[in-house]
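What follows is a single structure, written as structure tokens, with notes after it.
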Amino acid sequence: MTVAPQVFDLSEVDADAPEVVLAWVERLRAAAARGPVIVRECPQMLAHTLYKSALLGGAIVLESVRAEEAYG
């Protein structure tokens with residue numbers, strides 16, 4: 001039996017604060033334990049953290065990463 005992927009659209013998530021990034025990493029990790037996860041419009045900092053934590057490419061797949069403006 002194939003499990004349909006859980007889709008998370010994060011286009012409205014503001015993940016500038018470390019505690020928000022950590023909360024999303026934990027939420028996505030827990031979701032991935034139940035089956036495949038697709039993340040859409042992932043904030044760059046969260047995408048980077050998922051990559052550095054070796055959580056991508058298995059159950060968690062980034063469909064798209066938001067293009068965010070540089071700080072200035």
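Just the heavy atoms: all of them, side chains too, but no hydrogens, waters or symmetry mates, feed the values below. Here, residue 1 is the first one in the sequence, and each next residue gets the next number.
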**Request:** Kindly write out the residues that satisfy side-chain hydrogen bond (donor to acceptor under 3.5 Å, both in side chains) with Glu26, not counting sequence neighbours, or none if the list is empty.
**Result:** Arg29

**Message:** Holding to side-chain hydrogen bond (donor to acceptor under 3.5 Å, both in side chains), I want the full list of residues that pass it with Thr2, two or more places apart in sequence or in another chain.
**Reply:** none

**Asked** Among pairs that include at least one residue of residues 4-15, which meet salt bridge (Lys or Arg N to Asp or Glu O under 4.0 Å), considering only residues two or more places apart or in two chains?
**Response** none

**Asked** Which pairs pass salt bridge (Lys or Arg N to Asp or Glu O under 4.0 Å) with one or both residues in residues 58-67, sequence neighbours excluded?
**Response** Arg40-Glu63, Arg66-Glu68

**Complete:** Nearest heavy-atom approach of Gly35 to Ala59 is O-CB, 4.1 Å

**Message:** With a 3.5 Å distance limit and no angle check, can you tell me whether Ser11 reaches the backbone of Glu41 through a side-chain donor-acceptor pair?
**Reply:** no

**Message:** So, using side-chain hydrogen bond (donor to acceptor under 3.5 Å, both in side chains) as the criterion, who are the partners of Arg27 when residues are at least two apart?
**Reply:** none

**Asked** Does Val21 sit in a hydrophobic cluster with other residues, and if so which ones, taking ILVMFWY side chains as linked at heavy-atom separations under 4.5 Å, directly or through other members?
**Response** Phe8, Leu10, Val13, Val20, Trp24, Val25, Leu28, Val37, Val39, Met45, Leu46, Leu50, Tyr51, Leu55, Leu56, Ile60, Leu62, Val65

